[in-house]
Amino acid sequence: QVQLVESGGGLVQAGGSLRLSCTASGSIFRINVMGWYRQAPGKQRELVAVTTSDSSANYADFVKGRFTISRDNAKSTVYLQMNSLKPEDTAVYYCNAGLQRTYYSATYNYWGQGTQVTVSS
């Protein structure tokens, strides 16, 4: 079994900061991609940021310059530092990992349970 466990969500005022963490555990051979998505009420889930095993990163335009994704491969953990938060950043944030469970297996996507981020104006 593979589990992704997120933490760090909460309530913050506009302009504030939060740091999300997500740790993968279980039978894992290699984690190729880790990232964060979010889903606001009534909206589709959207990509926030992703990082590969060599720590290259890509961001959605709406978070560039405000959010930073980072990764600790030794701990199978990905972080999302969120600064200058806006009310429109309010959403459930989901951790995602594309990983192989064995050397021979394909890469499959796994999701965390989500963590609520609420930004008040």
Side-chain angles (χ1 to χ4, degrees):
Q1 289 285 51
V2 173
Q3 277 193 314
L4 300 181
V5 179
E6 300 128 331
S7 62
L11 173 64
V12 65
Q13 288 189 330
S17 298
L18 284 173
R19 188 191 193 210
L20 306 182
S21 300
C22 170
T23 299
S25 63
S27 178
I28 299 170
F29 170 72
R30 179 167 55 208
I31 304 174
N32 296 312
V33 178
M34 296 190 85
W36 292 94
Y37 290 71
R38 70 185 188 185
Q39 187 167 17
K43 295 188 177 181
Q44 289 190 334
R45 191 172 298 188
E46 59 185 358
L47 172 70
V48 176
V50 292
T51 180
T52 59
S53 56
D54 63 357
S55 296
S56 63
N58 285 292
Y59 297 91
D61 286 343
F62 53 77
V63 302
K64 283 181 180 178
R66 300 189 298 126
F67 292 9
T68 302
I69 191 170
S70 60
R71 178 170 170 173
D72 185 333
N73 289 326
K75 296 180 179 180
S76 298
T77 298
V78 64
Y79 305 96
L80 185 68
Q81 177 66 44
M82 304 185 294
N83 298 328
S84 302
L85 283 160
K86 305 175 181 179
E88 52 264 43
D89 293 319
T90 296
V92 177
Y93 283 70
Y94 294 91
C95 176
N96 173 269
L99 59 88
Q100 296 169 256
R101 297 192 64 186
T102 71
Y103 176 82
Y104 299 101
S105 72
T107 297
Y108 292 97
N109 268 326
Y110 291 83
W111 293 91
Q113 80 284 358
T115 185
Q116 177 70 46
V117 171
T118 303
V119 185
S120 63
S121 57

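What you are looking at is a predicted structure, and each value in this text was computed from that prediction instead of being measured.
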[X] side, atom [atom1]; [Y] side, atom [atom2] - distance, nearest 0.5 Å:
X      : Y      : atom1 : atom2 : value
Ile31  : Gln100 : CD1   : CD    : 11.0 Å
Asn58  : Thr52  : CG    : OG1   : 8.0 Å
Asn83  : Arg66  : CG    : CZ    : 9.0 Å
Thr102 : Arg30  : OG1   : CZ    : 10.0 Å
Asp72  : Met34  : CG    : CE    : 10.0 Å
Cys22  : Asn96  : SG    : CG    : 8.5 Å

Check for me whether Arg101 meets the cation-pi criterion with Tyr108, that is, NZ or CZ under 6.0 Å from the six-membered ring centre and within 45 degrees of the ring axis.
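Cation-pi check for Arg101 and Tyr108: fails.
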Indicate whether the side chain of Ser53 and that of Asn32 have a donor and an acceptor atom separated by less than 3.5 Å.
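Note: Ser53 and Asn32 side chains miss the donor-acceptor criterion.
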Check the side chains of Ser76 and Thr23 for a donor-acceptor pair under 3.5 angstrom, ignoring hydrogens and angles.
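Distance-only check fails for Thr23 and Ser76.
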Would you check if the side chain of [X] reaches a backbone N or O of [Y] as a donor-acceptor pair within less than 3.5 Å?
X      : Y      : answer
Thr115 : Tyr93  : no
Glu6   : Gln113 : yes
Tyr59  : Ile69  : yes
Gln39  : Val92  : no

At their closest point, which heavy atom of [X] faces which heavy atom of [Y], and how far apart are they?
X      : Y      : value
Gly98  : Thr107 : C-CG2, 3.4 Å
Gln116 : Thr118 : NE2-OG1, 3.3 Å
Ser17  : Ser84  : OG-N, 4.4 Å
Ala97  : Leu4   : N-CD1, 3.8 Å
Val2   : Leu99  : CG1-CD2, 3.9 Å
Val78  : Cys95  : CG1-SG, 3.9 Å

Evaluate the side chain to side chain contact (heavy atoms under 4.5 Å, CB included) criterion for residues Val117 and Leu20: first the C-alpha distance (whole Å), next the side-chain angles of each, then the deciding distance (0.1 Å), finally the verdict.
CA-CA 9 Å; Val117 171; Leu20 306 182; 4.1 Å; yes
Charged N-O contact under 4.0 Å between Asp89 and Lys86
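No, Asp89 and Lys86 are not salt-bridged.
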Which ILVMFWY residues are connected to Phe29, directly or by a chain of links, through side-chain heavy atoms under 4.5 Å apart?
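So far as hydrophobic clustering goes, Phe29 is joined with Tyr103, Tyr104.
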What I'd like to find out is whether the side chain of Phe62 reaches to under 4.5 Å of the side chain of Glu46, using heavy atoms alone.
yes
With the side chain counted from C-beta on, respond yes when Tyr79 and Thr68 share a heavy-atom pair under 4.5 Å apart, and no when they do not.
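No; the side chains remain at least 4.5 Å from each other.
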Residue that, paired with Arg71, satisfies side chain to side chain contact (heavy atoms under 4.5 Å, CB included) out of Asp54, Val50, Thr51
Thr51
Above 12 or not: heavy atoms from other molecules or residues under 6.0 Å from CD of Gln81?
yes
Measure up the Tyr94 and Trp111 rings against each other and bin them: parallel (under 30°), tilted (30 to 60°), perpendicular (over 60°).
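Judged by the thresholds at 30° and 60°, the geometry between Tyr94 and Trp111 is perpendicular.
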Is Leu47 reachable from Val33 through a run of hydrophobic residues whose side-chain heavy atoms are each under 4.5 Å from the next?
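Shared cluster, yes.
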Determine, using the 4.5 Å side-chain heavy-atom cutoff (strictly less than), whether Tyr110 and Tyr37 are members of one ILVMFWY cluster.
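Result: no, two separate clusters.
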